[in-house]
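In what follows, every chain begins at residue 1, and chains take the letters A, B, ... in the order their sequences are listed. Source: prediction; values computed, not measured.
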Amino acid sequence: MNRYSRLMLNILCTATLLFPVYGTHAEDTAPPAFPYTLESIQDNLAFIHVTVNGKTDKHCGFIAEMDGSPYLITSQHFILGATRLRFTSPGGRILKPRSVELSAAHDLVRFALTEGSGFVLANSPEMGEEIAVFGNPDLETSESEIFGKINGLGAEVIEVSAEFDEADSGSPVLNSRKEVVGIASYARESRNHIMKKGTRFENRTRQFCLRFNRIQWKPVNWKKFNAHFGNAYYESQILLDDVITVLNSWSDGPLETVYFEQQPNKTLAGWLDAHNRIVAESVDTGKGRREFYANYSESAEKLASLCSIQARKLRLLTEQRGLTPYIENELAMQAASLEMAADVITRYGISTY
Amino acid sequence: MPPSSSLFRLLLSLIVSSSVVMAETDSEKEAAEKAALEKRLEEEKEIKAQFEYSFNDVSDYLVIVSCTGERGRSSGSGFIAKLDGKPYLFTNQHVIMGADKISFKTASGKTVRPRGVELASTLDIARLPLAPEAPALEISDRISKDIPIAVFGNSEGGGVATELYGKVNSIGSDRIEVSADFVSGNSGSPTLNLDKEVIGIASYVRWKTNKKDETVTRRFCYRLTEEQWGAVNWKKYNDKYGKQYRETESMIDSIIDIIGTWYVKPSSRIDAESHPVPGLRSWSKDHNKMVNKIENMLDQGSCTQDELDRINRKIRTDLMSSAAELSSICSDRARSLRMMNDKQKGMSGFLHSEFESFCDRLDSVAKYIEIYGHSLENYNYFHFKD
């Protein structure tokens, strides 16, 4: 063992508190007596067809009764920035909601329906209760019925052992009485740590579902809200994804050519062409080192500035009226990520120079 | 077949067989680990079967503690129990220390609103008084070795209470060691016996690597009955000491990261230019400027041996003084922290010992960086091409 690792070990081995963190075994085989099947509840499932920039994706949702009225429920982040929304039942029946209400604090949206019935919400989910996640039957990538148990209970979320994936997000999580105990929301990979060695938390992915416990719903003028905040959320998400693509390319080396699958942001598309030209010229013509470095550094600075401008725009939006705390938090997190990306890119440019 | 081909074949078979051995060893290890985990889970199931009550019977007393502070969000665990006839929300001091906002919600979904904060005089425990009529678990000091226990809390800060089972491994005057696999986020979880009584609060994990390179992990819970408690003005106390606690903790974490980066490559840039500790921030800026200067020399073109030696000497001197500067930032911080720690009378025993431990760690790190700086005496950044 070298001196460094010995020192680190000394530091780490001093009584380590269970510092609060900053994010069981699956029992996903069908329980022998789950009392109903997907077919028997299909009428209460729904699909949300979301079109953005001419491309349509299909997401899961479901119909539940709240305060005596039927609502179509799904995750908010699916629909933010959408240019068109369409709702269908698994049988292809068109559903026509009449209004939109956003959860103030969570990634949930409900659309009021004019008629019909839906699932009943469970009163108090219990630890160990058998559940089923009825996922997206139209997607080949995911299972349509995933069984498990509740293995974690919180005020706002429950944890289940049913191993649903991203495509099932928005699906209902039902108990054996066909009641909704939550909505399939996100999976979280456990961070491995020496204290988790040999425990159920090592190399573990945990599945979480939002509960419908004291949710505050806020009616919005969807068209206006989406134009104002939804579009900003969507374009920031695309920008962030692309910047991560650039940073990943750069981690292979500064002279890597950068590719995006599709780039709706014209400024970013222009930057991409210009940057790849700088790289190609350096490789092809062996331009002077100083000139190349200067061009490269300037290119990085332009990308950093794109991120900073978007971050500023988001910061301004977070100060505006009409935001829900959930969206405000999402936009603030995007702004922070873009600021951090701008900082990393600037330093990368300087270091290359 | 020509001899060279035979040799090639032999080498290939050696490589293939060794990789097969490696693969077998890896998969054997994986299988053994899987079997060990399955055995543990089976044992846990047997222990759970001995409990006549379930998680659902106590979910109203289990608390998810969510904190927001300068370092972002964090969460831990807590529980509601009666001590000396009064109901309190118990958690660890380190869960709430330094937080700007704290919320307490039970696993069943109710918000808990404590009326104040009292700190244990020596151990890492806080109790927050609740309304007298609040229903609560009972606390007991009847503990014997090997009794079954349950730990219900917010494992990994997932925002949900989970159920873990185990046994009491050993008993001390103020703490017990248990076998339930609690992890980060479980801090503040109740440790319950078969009679639904709290016998401890899950507080910390220790680990070490033995001679066989195996990790040995031990989990400890503090007992609640032997402590003296002191009420504090939480806002004042937290502003004065809690923030300092978190800042120093983050400084030590960052310095450990810096050492990690620097040790791999002496001319590495250090990512601490926006660190909340001003000394570390300005050191990082100066250090990175120096590294930029070094890298700009790459464009200097050819030079003589004397010039190369001179440049390398300059780089060595700069790197060594950067190490000396960082080392003195650590030891200065340790000194001022120690002075503060010695003078303050209003701090809990837990914070005193934490600050003392921070000082020791800062001194160790300062010493290490100093030694590292000296080791750069023979470091040559530039070489002639062979």
Side-chain angles (χ1 to χ4, degrees), chain A residues 1-5 7-25 124-129 150-159 188 190-191 193-202 204 206 208 211 213-214 289-290 293 340 343-344 347 350-353, chain B residues 33 36-37 40-41 54-56 59 64-65 67 71-76 92 94-95 105-110 124 154-163 181-187 202-209 215 217 256 259-260 263 269 274 292 295 299 357 361 364-365 368 371:
Chain A
M1 188 185 285
N2 63 37
R3 207 169 46 202
Y4 168 67
S5 52
L7 175 78
M8 290 301 102
L9 207 63
N10 277 338
I11 293 169
L12 293 171
C13 271
T14 52
T16 301
L17 301 165
L18 298 175
F19 290 110
V21 265
Y22 290 104
T24 51
H25 263 272
S124 43
E126 294 205 331
M127 186 71 123
E129 212 177 337
I150 293 178
N151 53 9
L153 202 59
E156 282 142 15
V157 278
I158 55 171
E159 183 185 352
R188 192 171 129 173
S190 296
R191 274 190 227 162
H193 185 280
I194 200 159
M195 82 164 75
K196 296 179 191 167
K197 185 92 188 133
T199 74
R200 75 194 69 198
F201 299 106
E202 191 181 15
R204 179 108 189 101
R206 300 171 66 188
F208 294 90
R211 286 178 71 173
N213 188 29
R214 298 179 194 172
R289 200 174 189 138
R290 270 186 188 282
Y293 283 154
M340 198 200 289
D343 193 35
V344 169
R347 275 189 280 140
I350 294 169
S351 69
T352 308
Y353 181 62
Chain B
E33 283 173 357
L37 177 61
R40 281 175 81 96
L41 294 175
S54 77
F55 174 100
N56 298 311
S59 62
I64 308 288
V65 184
C67 304
R71 291 179 73 194
R73 292 178 185 185
S74 62
S75 73
N92 286 122
H94 77 259
V95 169
K105 280 188 181 169
T106 65
S108 53
K110 292 169 193 147
D124 175 15
N154 184 10
S155 307
E156 298 186 304
V160 296
T162 62
E163 49 180 351
D181 283 338
F182 62 73
V183 292
S184 49
N186 271 115
S187 283
S203 297
Y204 67 99
V205 178
R206 262 182 200 273
W207 61 86
K208 63 178 180 185
T209 308
T215 306
T217 312
I256 290 171
I259 296 173
Y263 184 82
R269 263 182 210 83
S274 47
N292 284 344
E295 295 206 348
D299 216 25
S357 150
R361 284 195 233 176
S364 305
V365 168
Y368 178 74
I371 294 167

### Message
I need the Arg204(A) CZ to Ser155(B) OG distance, nearest 0.5 Å.
### Response
11.5 Å
Looking only at heavy atoms, which two atoms of [X] and [Y] are closest? And how far apart?
| X | Y | result |
| --- | --- | --- |
| Leu37(B) | Thr199(A) | CD1-C, 3.7 Å |
| Lys196(A) | Ser184(B) | CE-OG, 4.2 Å |
| Asp181(B) | Phe201(A) | O-CE1, 3.8 Å |
| Phe208(A) | Gly158(B) | CE2-O, 3.5 Å |

### Message
Less than 4.5 Å to any heavy atom of chain A: does that hold for the side chain of Ala36(B), its backbone, both, or neither?
### Response
neither
### Task
Using non-hydrogen atoms and a 4.5 Å limit, figure out which bit of Thr217(B) sits close to chain A: side chain, backbone, both or neither.
side chain
### Message
In the structure I gave you, are the side-chain heavy atoms of Met195(A) and Phe182(B) within less than 4.5 Å of one another anywhere?
### Response
no
### Query
Considering residues at least two apart in sequence or located in another chain, which fulfil the salt bridge (Lys or Arg N to Asp or Glu O under 4.0 Å) criterion with Lys197(A)?
Glu202(A), Glu33(B)
With a 4.5 angstrom heavy-atom cut-off, could you sort out which part of [X] is near chain B: side chain, backbone, both or neither?
| X | result |
| --- | --- |
| Glu126(A) | both |
| Ser124(A) | neither |
| Leu153(A) | both |

## Note on the structure
Given Ala107(B), Gly109(B), Ser108(B), the one with more heavy-atom pairs under 4.5 angstrom with chain A than any other is Ala107(B)
### Task
Output yes when a side-chain donor or acceptor of Asn56(B) lies under 3.5 Å from a complementary backbone atom of Met127(A), and no otherwise.
yes
### Task
Output all residues satisfying side chain to side chain contact (heavy atoms under 4.5 Å, CB included) with Val157(A), sequence neighbours left out; order by chain, then residue number.
Tyr186(A), Leu210(A), Val160(B)
### Query
Does the salt bridge (Lys or Arg N to Asp or Glu O under 4.0 Å) test come out yes or no for Glu156(B) and Arg206(A), once each step is laid out?
CA-CA 10 Å; Glu156(B) 298 186 304; Arg206(A) 300 171 66 188; 2.8 Å; yes
